[in-house]
Peer 1: 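Take a look at this one; I'll ask things after.
For the numbers below, each heavy atom of this structure counts, side chains included, while hydrogens, waters and symmetry mates do not. Below, read A as the first sequence line, B as the second, and so on, with proteins coming before strands; counting in each chain starts at 1.
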Amino acid sequence: MKLEQDYLVNFLYLVQNVIARQVNLAKLEGEPREICGVDVAYKGEVGVAVVVCDGENQLVKKATGRVGFPYIPGLLFMREAPLMIRALQDLKPDLLLVDGHGIAHPRRSGIATVLGVLLNIPTIGVAKSRLVGEVIEENGINYVVLNGEKVGVKVGKYYYSPGNLVSLDDVINLSRMGYPRVLREADRLSKVYRNDLKLS
DNA sequence: GCGACAG
DNA sequence: ATCTTGTCGC
């Protein structure tokens, strides 16, 4: 599968626009009790999604499967969201951190937003590099501005943006706590399981 | 046409 | 993301 300029891309853009319209940027209410992080590692065409959670009972869940969709900037969700959803299974975290952007996206529909809307849970996107927007400093905060609107913040080398059911302030608060442990663990474990793959 | 472009 | 050697700095 190597689509490039297909009608499928336009269709997926339409899907993202519909999802973006469902986003709710209301402030998170109360302290999230269970916070999870999700990431994916690959071994060729096979992907391993890992979810790591903090809270009452810490837990790790994973899902493995062949990934048939290619990586296309702006359509990352098509490549990784399916496996991430499988790894999450019936989990309903109070907050899910996703490796990638939220509304700091061309159509305000990054993978964190897609997961947040589809699963109807609070999500925040944490990316290692910029996809869109410009970074503008204001009152000591480096905002990611898109079309004149603040859609996220940059702290160090990381970009944080709302996925769904969280406010920009919630995102700023999280960004001030350093790179999330659950994400670092999800990243580490996904690679561990990836390496243990074609063996045991 | 050219450059940019999450993972 | 993944591949992949050596090198710079704390």
Peer 1: In whole Å, I'd like the distance from the CG atom of A:N195 to the P atom of C:dA1.
Peer 2: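 After rounding, the reported distance stands at 13 Å.
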Peer 1: Would you kindly give the CD-to-P distance between A:E80 and C:dT2, to the nearest whole Å?
Peer 2: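 The answer, rounded to whole Å, is 9 Å.
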Peer 1: Are A:D99 and A:K128 within salt-bridge range, i.e. N to O under 4.0 Å?
Peer 2: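 A salt bridge links A:D99 with A:K128.
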Peer 1: If you draw a 6.0 Å radius around CZ in A:R33, do more than 12 non-hydrogen atoms from other residues or ligands fall strictly inside?
Peer 2: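 No.
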Peer 1: Take atom CD in A:E31; do more than 12 heavy atoms of anything else shown fall under 6.0 Å from it?
Peer 2: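 At most 12 heavy atoms, drawn from other residues, nucleotides or ligands, come within 6.0 Å of this atom.
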Peer 1: Do any side-chain nitrogens or oxygens of A:R79 fall under 4.0 Å of OP1 or OP2 in C:dA1?
Peer 2: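 So the side chain of A:R79 is outside the cut-off, no N or O lying under 4.0 Å from OP1 or OP2 of C:dA1.
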Peer 1: Donor-acceptor pair, distance only, cut-off 3.5 Å: does the side chain of A:N164 make one with the backbone of A:P122?
Peer 2: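 Checking the backbone N and O of A:P122 against the side chain of A:N164, no donor-acceptor pair under 3.5 Å is found.
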Peer 1: Expressed as a whole number of angstroms, how long is the span from A:L131:CG to C:dA1:P?
Peer 2: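 Rounding to the nearest Å, CG of A:L131 and P of C:dA1 are 15 Å apart.
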Peer 1: Quick one: do the A:Y42 and A:E80 side chains pair a donor with an acceptor below 3.5 Å?
Peer 2: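 The criterion, which ignores hydrogens and geometry beyond distance, is satisfied for A:E80 and A:Y42.
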Peer 1: Show me the protein contacts with nucleotides 8-10 of chain C, counting only N or O atoms at under 3.5 Å.
Peer 2:
none

Peer 1: What is the distance, rounded to the nearest whole Å, between atom CE of A:M78 and atom P of B:dA6?
Peer 2: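 Atom-to-atom, A:M78 to B:dA6, this comes out as 18 Å.
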Peer 1: What nucleic acid atoms does A:G125 come within less than 4.0 Å of, heavy atoms only: base, sugar-phosphate, or nothing?
Peer 2: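 Contact class for A:G125: none.
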Peer 1: Nearest to the side chain of A:D99 - B:dA6, C:dT2, B:dG7?
Peer 2: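 The closest nucleotide is B:dG7.
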Peer 1: Does a side-chain N or O of A:S129 approach OP1 or OP2 of B:dG7 to a distance below 4.0 Å, or not?
Peer 2: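 For A:S129, the contact criterion (side-chain N or O under 4.0 Å from OP1 or OP2 of B:dG7) is met.
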Peer 1: Please state whether the phosphate of C:dT2, meaning OP1 or OP2, lies under 4.0 angstrom from any side-chain nitrogen or oxygen of A:R194.
Peer 2: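 Yes, because at least one side-chain N or O of A:R194 sits under 4.0 Å from OP1 or OP2 of C:dT2.
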Peer 1: Students often get this wrong, so: under 4.0 angstrom with heavy atoms, is A:A104 touching a base, only sugar-phosphate, or nothing?
Peer 2: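 Since no nucleic acid heavy atom lies under 4.0 Å of A:A104, the category is nothing.
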Peer 1: Which whole-number value in Å describes the distance from A:R130 CZ to B:dG7 P?
Peer 2: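 Rounded to the whole Å, the gap is 12 Å.
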Peer 1: With distance as the sole test, does A:N17 use its side chain to make a donor-acceptor pair with the main-chain N or O of A:Y13 at under 3.5 Å?
Peer 2: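 It does hold such a pair.
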Peer 1: A:E45 has an atom CD; how far is it from atom P of C:dA1, in whole Å?
Peer 2: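 Between P of C:dA1 and CD of A:E45: 17 Å.
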Peer 1: Taking OP1 and OP2 of C:dA1, is either one under 4.0 Å from a side-chain nitrogen or oxygen of A:K43?
Peer 2: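 Result: no.
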Peer 1: Any side-chain N or O of A:Y71 below 4.0 angstrom from OP1/OP2 of B:dA6?
Peer 2: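 Yes, because at least one side-chain N or O of A:Y71 sits under 4.0 Å from OP1 or OP2 of B:dA6.
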Peer 1: Would you kindly give the CZ-to-P distance between A:F77 and B:dA6, to the nearest whole Å?
Peer 2: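 About 16 Å, once rounded to whole Å.
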Peer 1: Could you state the atom-to-atom distance from CG of A:D187 to C1' of B:dA6 in whole Å?
Peer 2: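 One finds 14 Å between C1' of B:dA6 and CG of A:D187, rounded.
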Peer 1: Could A:R108 and A:E149 be called an ion pair, given the rule that one side-chain N must be under 4.0 Å from one carboxylate O?
Peer 2: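 Counted as a salt bridge, because a side-chain N and a carboxylate O are separated by less than 4.0 Å.
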